[in-house]
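Worksheet for the structure shown next.
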Amino acid sequence: MSIPQESGQAAVPVLRVRHLGVTFDTYKGPVQVLDDVGFDIAAGEILGVVGESGAGKSMTGAAVIGLIEPPGRISSGTVELRGERIDLLRGEDLRRMRGRRIGSIFQDPLTSLNPVYTIGSHLVETIRTHLPVSEKEAQARALALLQEVEIPHARERMGQYPHQFSGGMRQRVAIALALCAEPELIIADEPTTALDVSVQAQIIALLRRVCKERGAAAMLITHDMGVIAETADRVMVMYQGRVLETGPVRQVLDTPREPYTQVLMAAIPSVHQRVQRLPVPEVGGGPAAPAQPWQPPAAGAQAGAPLLQVQDLCKEFDLSSGWLARLIAREGRNILKAVDGVGFSIRKGTTFGLVGESGSGKSTVARMVAGLTPPTSGTVLFDGVDKWSDAARTVAMRRRFQMIFQDPYASLNPRWTVQELIAEPLQALGLTAGRDETEQRVQEALGRVRMKPDDARKYPHQFSGGQRQRIAIARALASRPEFIICDEPTSALDVSVQAQVLNLMRDLQEEFGLTYLLISHNLAVIRHMCDDIGVMQRGRLVEAGEAAAVLDAPRHEYTRALMAAVPDMRAGAAAAMA
């Protein structure tokens with residue numbers, strides 16, 4: 001372990017970690033998950049912590065704040081806050097430190113906010129727990145905090161509940177909660193992962209401003225290198241529970257020393273350049289083959305008739321109160337037009353990307369195309385035929401369609417084996433004659449996604465996030481579809497696993513001539529995968545066309561705003577050299 005000494009850094013850092021080890025005692029013996037981890041964070045500084053799933057990022061944050069539960073334990077090393085050891089604190093002393101001296105921001109704010117408490121109650125309770133203030137003073141401080149994190153109409157929002165806030169607004173509330181007692185250190189664990197690019201940019205700017213103005217140190221745990229490039233002052237790369245290298249952001253991102261870090265940087269798709277395949281770190285952290293340059297299809301290869309046509313698609317949701325409530329209040333109906341006149345086409349063997357911020361209508365369009373939500377009006381033509389015109393045709397069409405969802409763990413039944421999960425669509429659609437043929441098709445599907453035959457006997461919880469997404473893809477491929485709808489298939493995956501899944505999707509498309517509708521808020525993924533894209537805003541398709549043309553020279557103001565909001569590590573490098 002080496003701790004770099006940064007010039008100008010305070011003599012006593014806010015956080016100092018030395019030789020930290022974390023061990024889990026199992027029935028097979030002790031398992032060490034962190035080994036000799038060490039780093040410093042100065043006042044006003046943001047340290048970015050990156051690495052793939054299982055690298056030890058979140059475990060390091062949990063060890064610092066004392067959230068490791070048995071059978072886990074800190075087995076070696078020290079954790080100091082302003083020169084005072086905090087790894088030895090227990091009970092009430094540990095509880096008083098959390099919130100008062102160390103604030104935490106978690107990935108999903110909805111799970112860390114009590115749904116039966118108003119936002120004001122959350123803040124006031126936290127303030128009064130840690131600070132000797134009256135109810136009135138706590139109320140005033142809570143209001144000021146909401147205003148500081150730029151919650152509009154803060155006074156009215158104090159009386160609302162978490163479910164009444166958008167994802168970005170809930171994350172702002174989580175930041176306000178972390179700041180309640182003016183902590184010296186903020187630990188932010190994947191605070192922007194589930195947010196679209198425009199909201200993500202706001203959260204990044206907010207976190208930087210709060211640290212600089214308040215002099216708080218921050219530990220930012222994320223797998224998004226663009227967020228690191230735009231937010232952090234220094235970056236620490238972790239692999240298999242150890243620190244590989246630490247240094248200033250631009251130094252590590254532009255000229256990484258370790259082979260693993262070099263491949264990790266190269267595995268990140270760029271919003272400005274498309275490549276054929278992304279490099280993937282090898283097992284053991286060794287180097288991998290470099291990224292392959294993009295090879296456009298031969299002229300005329302994609303000039304055929306469209307496989308899917310969406311024409312003037314609309315979806316309205318009735319949000320009105322019951323008829324009696326409307327009668328008493330003398331109110332009219334409250335109709336939300338979630339999708340309004342959307343139309344596009346997808347050529348066979350190509351990928352069409354649908355982008356836009358949360359609430360723009362992307363997933364609603366996908367559900368209507370898949371037949372999961374009936375449209376209010378408009379048509380969906382597959383091979384020139386209205387695919388949902390009658391029940392008999394719908395069953396036949398379902399064999400040619402499949403869908404891959406954002407969270408494979410939520411979309412896979414935890415009580416079923418992989419064999420049962422992949423076999424279900426085959427049996428439901430009547431695609432196999434018997435058990436032997438079904439098992440053969442399951443093994444075929446697993447082989448296509450580079451998984452072992454023995455994996456068929458296991459359950460979803462026995463796999464990593466990337467492996468579960470491979471199982472979801474295998475399930476979609478088992479019925480040998482022509483068209484697959486992918487709704488945010490890589491948003492929850494780290495950099496290296498995302499590269500594996502994207503390469504796999506590209507390989508399968510080339511091998512079987514698959515056609516994809518890809519929905520994502522990650523414009524770099526869209527650039528890497530898509531031939532054509534459509535940009536949605538408030539239910540409308542505001543711009544559509546060839547992916548390179550739309551992303552390189554956007555015509556619509558909203559598309560330009562989305563591109564400007566993308567945190568891109570390579571753009572940051574260019575700006576640093578300018």
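Residues S345 and Q309 have side chains that never bring a donor and an acceptor to within less than 3.5 angstrom of each other.
To the nearest 0.5 angstrom, M505 atom CE is 12.5 Å from E510 atom CD. Distance check, rounded to the nearest 0.5 Å: CG of L523 to CG of L551 gives 6.5 Å.
Residue Q462 places its CD atom among more than 12 non-hydrogen atoms of other residues, nucleotides or ligands, all under 6.0 Å distant. Under a cut-off of 6.0 angstrom, the local environment of CZ in R448 is crowded, with over 12 non-hydrogen atoms contributed by other residues, nucleotides or ligands. The environment of R208 atom CZ is dense: over 12 non-hydrogen atoms of other residues, nucleotides or ligands sit within 6.0 angstrom.
The pair K348-D383 does not meet the salt-bridge criterion, since no charged nitrogen lies less than 4.0 angstrom from a carboxylate oxygen. Note on D507 versus R277: salt bridge recorded, some NZ/NE/NH1/NH2 to OD/OE distance being below 4.0 Å. Using a cut-off of 4.0 Å between Lys/Arg side-chain N and Asp/Glu carboxylate O, D531 and R274 are scored as salt-bridged.
Not counting sequence neighbours, the partners of D35 by the salt bridge (charged side-chain N to carboxylate O under 4.0 Å, His left out) test are R242. Judged as a salt bridge (charged side-chain N to carboxylate O under 4.0 Å, His left out), and not counting sequence neighbours, the contacts of D455 are K458. In this view, E258 satisfies the side chain to side chain donor-acceptor pair (under 3.5 Å) rule with no residue, not counting sequence neighbours. For D436, the salt bridge (charged side-chain N to carboxylate O under 4.0 Å, His left out) test picks out no residue, with sequence neighbours left out. Partners of R470 according to the salt bridge (charged side-chain N to carboxylate O under 4.0 Å, His left out) rule, which considers only residues two or more places apart in sequence or in another chain, do not exist here.
Side chain of E543 to main chain of P554: no donor-acceptor pair is present (N/O by atom type, distance under 3.5 Å, no hydrogens or angles).
F344 and F352 have their aromatic ring centers within a separation under 6.0 angstrom.
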Please report, to 0.1 Å, the donor-acceptor pairs under 3.5 Å made by any side chain of residues 471-486, with sequence neighbours excluded.
residue : atom : partner : partner atom : Å
R475    : NE   : L421    : O            : 2.8
R475    : NH2  : E424    : OE1          : 2.1
S479    : OG   : Q402    : NE2          : 3.1
R480    : NH2  : E444    : OE1          : 2.9
E482    : OE1  : R400    : NH2          : 3.0
E482    : OE2  : R400    : NE           : 2.5
E482    : OE2  : R400    : NH2          : 3.1

